Amino acid sequence: MEYNFRTIEQKWQQHWKDNETYKVSNSSSKPKYYVLDMFPYPSGAGLHVGHPLGYIASDIYARFKRLKGFNVLHPMGYDSFGLPAEQYAIETGQHPATTTEKNIATFRSQLDKIGFCYDWSREVRTSDPKYYKWTQWLFLQLYNSYFCNTQKKARPIADLIHKYATKGAMPKSGAPIPGTHFTADEWNGYSTAQQEEILAKRRLAFSAYGEVNWCEALGTVLANDEVVNGVSERGGHPVEKKKMRQWYLRITAYADRLLEGLDRVDFSDAMKEMQKNWIGRSEGAEIDFAIDGGEAPTLKVYTTRPDTIFGVDFMVIAPEHELVAQITTAEQKEEIEKYLTYVKSRSERERMAEVKQITGCFTGAYALNPFDGRKIPVWIAEYVLAGYGTGAIMAVPCGDQRDFGFAQHFHIPITNIIGEHYNGQEANPTKEAILENSGFLNGMVMKDAMGVAIDKLEEMGIGKRKVNYRMRDAGFSRQRYWGEPFPIVWKDGVAYPLDEKDLPLELPHVDTYGPGPEGEGPLANITDWVNLSDLTPNPSPKERGAAAQTLPGYMNSNTDEWRATIANAKAHRHKPTKEEDAMWQAVRNRQIKNCKFRRQHPIAGFIPDFVCLEQKLIVEVDGGYHTTEEQQQFDEAREKWLAENGFRMIRFTNDEILGQMPIVLQKLGEALSFGEGLGEVNETLKGEERQGEWVPRRETSTMPGYAGSSWYFLRYMDPQNEQTFCDRTVSDYWSQVDLYVGGTEHAVGHLLYSRMWTKVLYDLGLIGFDEPFKKLMNQGMIQGSSRYVYLLNFNKNEDLSKELQTPIFISEGIYEKNKNHKYVKGTELHDLIKEISIELYDEISTWGDYGFENSFTINRIRVDVNFVDGFELDIEAFKKWRVEYADAKFLFEDGKYICGSEVEKMSKSKYNTVNPDVLVDKYGADTFRMYEMFLGPVEMSKPWDTKGIEGVHRFLRKLWRLFFDDIKGKVWNDEKATDAELKVLHRTIKKIEGDTESFAFNTAVSAFMMCVNDLTDLKCNKKEILSPLLVLLTPYAPHIAEELWNALENSGSVLNAAYPVFDGKYLVEAEKEYPISINGKMRTTINIATDAEETEVKEIVLANEVVQKWLEGNAPKKIIFVKNKMVNVVV
RNA sequence: GCGGAUGUGGCGAAAUUGGCAGACGCACCAGACUUAGGAUCUGGCGCCGUGAGGCGUGUAGGUUCGACCCCUAUCAUCCGCACCA
């Protein structure tokens, strides 16, 4: 009877399915254990051998815990919303829902083959309305909550509103700041829009107008962690900064708690470190420096080193800093403007690529050192970021390398405050130096001086302690289709949440996936869905355009003329400037009835930046395009024509747009027939006064990929609940995820977001724990091991006759020996060619070794690893794969074609992926599972190598033969086990249990092999030994274990068997083979009774002839005896 | 530059508290069985050396009776962050 893994595995997989063996109950007398895998994004490429590594590890652990008597929750699902499906839809026209469904089916069948113990009745899909109903609901919880700075936790926004309405928001001391502080009466007098504007500053999910990472190619904004080196993480498209209205999660409010929580979870140091770096907490001080000359306000800087204040030689502020214009002196104005132009011209990517370049410009202004009155020049420079701290720094060149470089570059004198610690060659950021040249801080050690300096600054009222974070609030909206729609309706410029009973807000079906107008997502194209039907619909474009219908050169002109005009105008459209974008952002969302702004809409061949046809109002933003005389004449002609035809024009400068948007909106509003401003601050509107003028509109962006994954571990607990996202009693039972397994790539994205959501839910009392994952295990990446063939190219190829142009591939060894040669003649290669073509050899022999560069080159071509056995190429398979090489000739070494190799990321495009299905078909799931574990420690990255899988397969067959012989059939028996056999068993129990518990699955597999080898040697086929061994094996190789368990006539499933209990008595030995070292070097071993005492052992050791030989008749200097370990004789 | 991790045979790796370095497996070599072998079994397998023996865990030191393991310095590779004041 042979080990027929195909039949066995199929049989048991079906059996487990039919019997719902892996179904888990939410109530049990057993202790609970929650093992979770990071759920996959179902990509079209399917699984490769790298994906299941973590799943196998967690599956083993889940099964192990089950055998050890736990009620184990081990679910699986799909993170099925996301960009790739949508990109694919754009390319192929297939609906994301369709491709996602298909991909999930592929994943599922691949997963099923490996024999995982998931409870599939709990499957979740983030793109399922039944699931995202609760994602939307949770978003509303975030929207309806704020972070209370006193209690350091989330609370309902209603509490805050109540406080504002009854007590207002007044400062504890000092004068109230307009815009920040208000009384209850003032609050109650505010319009909804005004109140909302204030509340948006506190909500945990809020919308704001700010700088975002805009990716033109993807047509969406991205979160900071989705941007890598200035390009998008997915696809590698350029990313630029853009001002847009976006939704955000206030994750910064949780910065400290996210840091603190790391102390209470079992994550790797690397993982914790990554999160800490991302949060980037730093402690320091904000210091106000007066500007020399008086009028200007103070310059606020942030520093972590207030102790170095006497070493400040200059100030640097960000080019975007609001004070730049104000403090720049007349004589420096030109220089500064030149520099600002330069800065603006540089893309994010250029800045990143040229970090080392030192640039900057002096403003002409001086700040004053508050302690010694020293005049400090104020510079602007790119290296100071507007978004961090106060956007201004005090530069201490003797202590900071960047400041040092800057000072050197611009020849700014450097003050030394740290004596000999500063060598004049480079900065020294020490905190240990004793301060000099530092006024009242002289003689103090720097780290002690920090506190003293801050105290003094606080006392003087010009500084205070301040903690800063590098982390920003997380962008939460995407201009995409395939994501959760926001349960939000915009009305009168105010975001209104949907009622809970209206959830889920389902994603409407679309047929095209192109972006909506002007940076909006595809949803904006579905007007039926976007504009709410029970309210006045927006006029159609035709109606809106009616006002312009009678214009000469417009729609009433004859068709051909109109078309030509339009074509000409369209051809001259320009890429909008940053300012125009900002303007557009400001007007486009104002769905003002009978007043819609169009952008670069042609009118009689002119292209105004913006036009409202209904009101015949043109808005021009000065982009600086009209510089030539010709253009100016054109402008004049245009204005004349427009004026004659009843158009009015209003112009804004770029500076107005960027710096004074409220004023712009005010002016714009006045220019419209309403005669009022469009709003007060930014784009917040006087909603109530405008009531009826605005069309309610759904939010058209969708939530990002991490929305659904931030809470999925909770839904698994209670997946079918239609009343709530997860019943509190259920989440109290399952509580935290005990073991979370996944890759490191989610270190700062998903893991931070889900930790934050968990904390919010905890604060709101919806769950009972505030860290989602108790222990995190990161599986290593399985890299691909790519294979190459070497194609020989003769530069004189065209001179060769056709039949001599056959492609020639040379084996790796030949390549290595010849790759550095330029000329074939005289090389080993030359001689080898004789073997495959005497004609070619003769031809080459006629070539001189002069007259042309390089008579040959060698191309490396990737070859599919599946055609390579180790390093040896399967020539026939290769020829079939690349038909253009069907006639190719091969130069062998030792009769084989050996490929070159390189370790790199596993990916389809590199032809180095290995599909688990192939291996499962060939060796079976059990072999595959054990081999993946046997490769090495799970958390380590390693290249995949299929070769070794044979060894594991042989092991399973050898195990099988302990039960059944190919010829004799059944060989297992009911005989009584011997001590030696019991010793093997219990040694194995101990090892397997310990290794499994500590995730050392690779050594556990070794232990199984040793055990089977030993039992084979002992000719042990006894059920007494084999039965417990099968239980040990179940987590690793569940199919064969179940089959043999049943073959042994055991009752029930091995999955429900009791885990064997280790008994140390079987391992007790009377004698031990002691290693005997001479001077620490092992020379021999001696069998000595384990209970022998030191004196006795010493006697035995000294009597040993090997020891005698090494002693050469001398007495030993010393004898070290460690009981049950070793003996060391020092000579 | 900062932070984290890893360096051990031809290869993947093991060594649980400082105590026999290389378990287990791959590859390879020799042999047995066989019509055959990409099946199975037996033996060998760190390097140098015929041998005794010497050397050996990235490199250089140190602590120790004894170091892959602890300490110091240094090099290399991988991962993460990167003008964060």
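Quick note on labels: first sequence line is chain A, next is B, and so on, each numbered from 1. Keep in mind it's a predicted model, so treat the numbers as computed, not measured.
For A:F963, there are no ring pair (Phe, Tyr, Trp, His ring centres under 6.0 Å) partners, not counting sequence neighbours. For A:R6, there are no salt bridge (charged side-chain N to carboxylate O under 4.0 Å, His left out) partners, not counting sequence neighbours. The salt bridge (charged side-chain N to carboxylate O under 4.0 Å, His left out) test applied to A:K1098 returns A:E1094, not counting sequence neighbours. Qualifying salt bridge (charged side-chain N to carboxylate O under 4.0 Å, His left out) partners for A:K905, counting only residues two or more places apart in sequence or in other chains: none. Remark: A:W944 engages A:T946 in a side-chain hydrogen bond (donor to acceptor under 3.5 Å, both in side chains) (not counting sequence neighbours).
Using a 4.0 Å heavy-atom cutoff across all strands shown, A:V952 reaches no nucleic acid atom at all. Within the nucleic acid shown, A:N468 has no heavy atom closer than 4.0 Å to any nucleic acid atom. Using a 4.0 Å heavy-atom criterion, one finds that A:N1013 contacts the sugar-phosphate atoms exclusively.
Within the structure, salt bridge (charged side-chain N to carboxylate O under 4.0 Å, His left out) pairs that include any residue of residues 997-1011 of chain A comprise A:K65-A:E997 (at least two apart or interchain). Among pairs with a residue in residues 926-953 of chain A, those fulfilling salt bridge (charged side-chain N to carboxylate O under 4.0 Å, His left out) read A:D59-A:R929, A:D869-A:K947, at least two apart in sequence or across chains. Within the structure, every pair that satisfies the salt bridge (charged side-chain N to carboxylate O under 4.0 Å, His left out) test and touches residues 1115-1131 of chain A, not counting sequence neighbours, is listed here: A:E1093-A:K1123.
One can place CD of A:Q779 at 16 Å from P of B:C79, the figure rounded to the nearest angstrom.
No close placement of the A:Y931 and A:H953 rings is indicated, their centers lying 6.0 Å or farther apart.
RNA chain B is contacted by A:K1118, A:I1120, A:V1122, A:K1125, A:M1126 of residues 1116-1126 of chain A, taking any non-hydrogen atom closer than 4.0 Å.
Minimum atom distance to the side chain of A:M1010 is reached by B:C24, of the listed B:C24, B:U16, B:C20. Distance from the side chain of A:E382 is smallest to B:C83 among B:C26, B:C83, B:G25. Among B:A85, B:G19, B:C83, the nucleotide with an atom closest to any side-chain atom of A:N1128 is B:G19.
As rounded to the nearest Å, B:C20 and B:A15 have C1' atoms that lie 11 Å from one another. Between the C1' atoms of B:C83 and B:U77, the separation comes to 27 Å (whole Å). Comparing B:C70 with B:C78, their P atoms are spaced 24 Å from each other, to the whole Å.
Taking a 6.0 Å sphere around NZ of A:K910, one finds it holds more than 12 heavy atoms contributed by other residues, nucleotides or ligands.
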Which pairs, protein N/O on one side and nucleotides 1-8 of chain B N/O on the other, fall under 3.5 Å?
none

Per-nt protein contacts along nucleotides 39-55 of chain B (heavy atom under 4.0 Å; B base, S backbone sugar-phosphate only, - none) come out as SSS-----------SS-

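Relative to the six-membered ring of A:W1110, A:R1083 meets both conditions, a distance below 6.0 Å and an angle of at most 45° to the axis.
Across A:M271, A:E273, A:R755, a single residue satisfies side chain to side chain contact (heavy atoms under 4.5 Å, CB included) together with A:L262, and that is A:R755.
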Bracket string, RNA chain B, 5' to 3' - pairs by Watson-Crick or G-U geometry under 3.5 Å, | interstrand: (((((((..(((......[....))).(((((.......))))).(((....)))..(((((..]....))))))))))))....

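The backbone N or O of A:C1011 sits nowhere less than 3.5 Å from a side-chain atom of A:R987 that would complete a donor-acceptor pair.
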